[in-house]
Amino acid sequence: MLKRADELNFFWAYNKEELSKDKHLVLLDNVQFIYELALAQLELQSLGVNFEITNGLREFKLLESKDEEELRRKLAYFKYVNGQPTDYFQIIQKNRTRSVNQYLTHWIYPYKGKFHPQMIRALLNIIGLEKGDTVLDPFIGSGTTAVEAQLLGINCIGIDVSPLCVLQSKVKTESIDVLPQIREWKEEIIKRIKPSLFNLEGKTIDDAINLIPDEEVKNFYRMAKLVAISDNARRGREFSNAFLKNLEVMISSISDYVDIIKELNLKLGRIHIKTGDSRALSLNNESIDGIVTSPPYSIALDYVSNDAHALKELGYDLTLIREKFVGVRGKGQARIDLYNDDMKNSLKEMFRILKPQKYAVIVIGNAIYMGHEIKTVEFIIDYANKIGFNLVKNIDKIIFGLYNVMQKENILIFQKRG
Ligand SMILES: C[S@@+](CC[C@H](N)C(=O)[O-])C[C@H]1O[C@@H](n2cnc3c(N)ncnc32)[C@H](O)[C@@H]1O
């Protein structure tokens, strides 16, 4: 029987031994879909590589390339460059789950609608972002863009209206700076979990968390509590057991992250995560080098109901918070109209803050609502074009698990005119 993800405690088992000796670029084993092959080729083109596809599409011959070291450091879809493992191949070994794309801190909290991290790494390369550039994700969600930008040395501003998303994204990118302090507080926190045994003063876990002076350490333990609450709600696992188990895996994942930074000598990007509204960004005009984001898919997922237990636990009033969310207000046609207005304002803001000629990647799909397909993709393309973006690529991407609501999404790459 398959074990549950958080019960597994080993690195993702790729075979690192079979080094390819010839002059080829070898695709990673998990690359299976046409859109991934398309993105793999776009990555190579953006990095100035001249190539030829060989061996049943899984190997690429390097005809001409400026800098092989750069390829090895940056590429997302390849395992080897001329027999040498890529950084990404080594990064994904650091995985405490049984899902190939939930390596390092990506797995922390079961957020619905996460980006595929490998795709984000590729898109950051495709739109030409370099170390020290700044990417914005105005719907940062679970923080996928932030982690991938951080790994590539690209600075990232991540914004979300949901305090749960802000917390997740911060914990995934900031805990590496406070690992010793996280370890120091572990005993104190664990004491509060089983009150009858150790906690003679009757202090709760919240009392203990509130004593922690560092904000990053505090956030880590807040998140650990929410992961356990979610585990308890979704799987019926007893809270204290869920807390202890997940806490161990969270600490191991952060330790893996610290290790891989040293092993690969990574220079991390600076990450700034904040609560905000995509429709009114507090950022200067033409201050951002690229955007990679996925807005709510019209009415496909109600993010407020979905995360209700966690938002309540964080002390938020769901009715008030709903007012600011894109895609969850109104009923019937009114809901679609409100969504479209919100998306227009969000697109105008993306246009305003982006530097001329730079790229915005928007991943979005058409959802089925009340028996009809809502043409969000076409709407976004039309409006973006109207305000000054050119659509330079539109790649179909299959999705799983939401068949009754949507079957595919589109990766739209826009360039700002001017
Ligand atoms: C499709 S999810 C993004 C998922 C993300 N790409 C990831 O990898 O986890 C859309 C996000 O938009 C956020 N959101 C909704 N309305 C917003 C608003 N007005 N401003 C900023 N974020 C908003 C939701 O909280 C949700 O996290």
Side-chain angles (χ1 to χ4, degrees), residues 99 101-121 123-124 135-150 156-173 271 273-283 291-308 310-311 314 316 318 320-330 335 338-350 353 360-367 376-377 380 397 399 401-402 405-406 409-412:
S99 169
N101 56 50
Q102 294 298 290
Y103 48 87
L104 298 179
T105 51
H106 278 302
W107 72 272
I108 296 175
Y109 202 77
Y111 195 69
K112 274 204 184 146
K114 282 181 184 178
F115 269 147
H116 200 303
Q118 188 177 29
M119 175 180 93
I120 299 310
R121 186 176 176 99
L123 288 168
L124 293 168
V135 65
L136 167 74
D137 186 342
F139 300 97
I140 191 73
S142 65
T144 315
T145 309
V147 174
E148 289 307 314
Q150 185 172 45
C156 175
I157 300 175
I159 293 173
D160 206 287
V161 71
S162 161
L164 172 66
C165 293
V166 169
L167 182 64
Q168 285 178 65
S169 304
K170 277 175 174 271
V171 168
K172 289 178 186 187
T173 53
I271 308 300
I273 306 290
K274 49 187 182 177
T275 314
D277 188 336
S278 59
R279 298 166 300 176
L281 297 170
S282 52
L283 293 170
I291 296 172
V292 175
T293 196
S294 75
Y297 290 14
S298 114
I299 41 62
L301 200 63
D302 186 328
Y303 285 97
V304 179
S305 308
N306 203 45
D307 298 322
L311 290 167
L314 289 169
Y316 290 90
L318 296 191
L320 287 180
I321 229 171
R322 186 171 280 277
E323 277 314 300
K324 292 193 191 147
F325 268 72
V326 171
V328 297
R329 305 186 321 276
R335 186 152 186 166
L338 281 168
Y339 173 81
N340 287 350
D341 283 348
D342 287 346
M343 283 312 300
K344 279 185 184 174
N345 289 328
S346 302
L347 284 167
K348 275 195 263 182
E349 281 295 81
M350 291 187 216
I353 54 86
V361 183
I362 301 180
V363 182
I364 188 95
N366 288 344
T376 306
V377 175
I380 300 273
K397 172 183 179 296
I399 46 176
L402 281 171
V405 195
M406 57 202 309
E409 54 197 350
N410 294 60
I411 303 165
L412 306 174

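The basis for the numbers below is simple: all heavy atoms, side chains too, and nothing from hydrogens, waters or symmetry mates. This is a predicted model, so every value here is computed, not measured. Both counts, for ligands and for their atoms, begin at 1 and track the order of listing.
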Please report the interatomic distance [atom1]([X]) to [atom2]([Y]), rounded to the nearest 0.5 Å.
{"X": "E323", "Y": "D277", "atom1": "CD", "atom2": "CG", "value": "11.5 Å"}
{"X": "Y109", "Y": "L164", "atom1": "OH", "atom2": "CG", "value": "5.0 Å"}
{"X": "N340", "Y": "M343", "atom1": "CG", "atom2": "CE", "value": "9.0 Å"}

Does [X] reach ligand 1 with a nitrogen or oxygen that is under 3.5 Å from one of the ligand's nitrogen or oxygen atoms?
{"X": "P295", "answer": "no"}
{"X": "S162", "answer": "no"}
{"X": "D137", "answer": "no"}
{"X": "F115", "answer": "yes"}

Show me which atoms of ligand 1 lie under 4.0 Å from any heavy atom of [X].
{"X": "K114", "value": "7 (C), 8 (O), 9 (O)"}
{"X": "T144", "value": "7 (C), 8 (O), 9 (O)"}
{"X": "P138", "value": "21 (C), 22 (N)"}
{"X": "F325", "value": "15 (C), 16 (N), 24 (C), 25 (O)"}
{"X": "C165", "value": "27 (O)"}
{"X": "S142", "value": "7 (C), 8 (O), 9 (O)"}

[atom]: the protein heavy-atom neighbour that sits closest, reported with distance to 0.1 Å:
{"atom": "atom 4 (C) of ligand 1", "answer": "G113 O, 3.4 Å"}
{"atom": "atom 25 (O) of ligand 1", "answer": "D160 OD1, 2.7 Å"}
{"atom": "atom 16 (N) of ligand 1", "answer": "V326 N, 2.9 Å"}
{"atom": "atom 12 (O) of ligand 1", "answer": "F139 CD2, 3.3 Å"}
{"atom": "atom 26 (C) of ligand 1", "answer": "Y111 OH, 3.3 Å"}
{"atom": "atom 10 (C) of ligand 1", "answer": "S294 O, 3.5 Å"}
{"atom": "atom 17 (C) of ligand 1", "answer": "V161 CG1, 3.4 Å"}

- Query: Can a non-hydrogen atom of G276 be found less than 4.0 Å from any atom of ligand 1?
  - Reply: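 Distance cut 4.0 Å: G276 passes for ligand 1.
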- Message: Tell me if the NZ atom of K324 is crowded by more than 12 foreign heavy atoms within 6.0 Å.
- Response: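 Counting other residues, nucleotides and ligands, NZ of K324 stays at 12 neighbours or fewer.
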- Query: Taking the minimum heavy-atom distance to atom 19 (N) of ligand 1, which of I120, D277, I159, I140 ranks first?
  - Reply: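 Of the listed residues, D277 has the closest heavy atom.
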- Query: In a check of side-chain contact (heavy atoms from CB on, under 4.5 Å) between I140 and each of D160, I157, V166, which one passes?
  - Reply: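 Checked D160, I157, V166 against I140; only one passes side-chain contact (heavy atoms from CB on, under 4.5 Å): D160.
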Looking only at heavy atoms, is any part of [X] under 4.0 Å from ligand 1, and if so is it the side chain, the backbone, or both, or is it neither?
{"X": "Y303", "answer": "side chain"}
{"X": "S278", "answer": "both"}
{"X": "S346", "answer": "neither"}

- Partners meeting side-chain hydrogen bond (donor to acceptor under 3.5 Å, both in side chains) with T105 (sequence neighbours left out):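 Listed in chain order: nothing, the list is empty.
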Main-chain N/O of [Y] paired with [X] side-chain donor or acceptor, under 3.5 Å:
{"X": "N410", "Y": "L412", "result": "no"}
{"X": "K397", "Y": "I411", "result": "no"}
{"X": "R329", "Y": "F325", "result": "yes"}

- Message: Less than 4.0 angstrom from a charged side-chain N to a carboxylate O is my criterion; do K112 and D302 meet it?
- Response: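 Looking at K112 and D302, the cut-off is not met.
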- Apply the side chain to side chain donor-acceptor pair (under 3.5 Å) test between K114 and each candidate in Q102, H106, Q168; give the one that qualifies.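 So, applying the side chain to side chain donor-acceptor pair (under 3.5 Å) to K114 and each of Q102, H106, Q168, only Q102 qualifies.
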- Message: Any non-hydrogen side-chain atom of S294 less than 4.5 Å from a side-chain atom of F115?
- Response: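 Sidechains of F115 and S294: in contact.
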- Does the side chain of S278 come within less than 4.5 Å of I159's, by heavy atoms?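 No, every pair of side-chain atoms sits at 4.5 Å or beyond.
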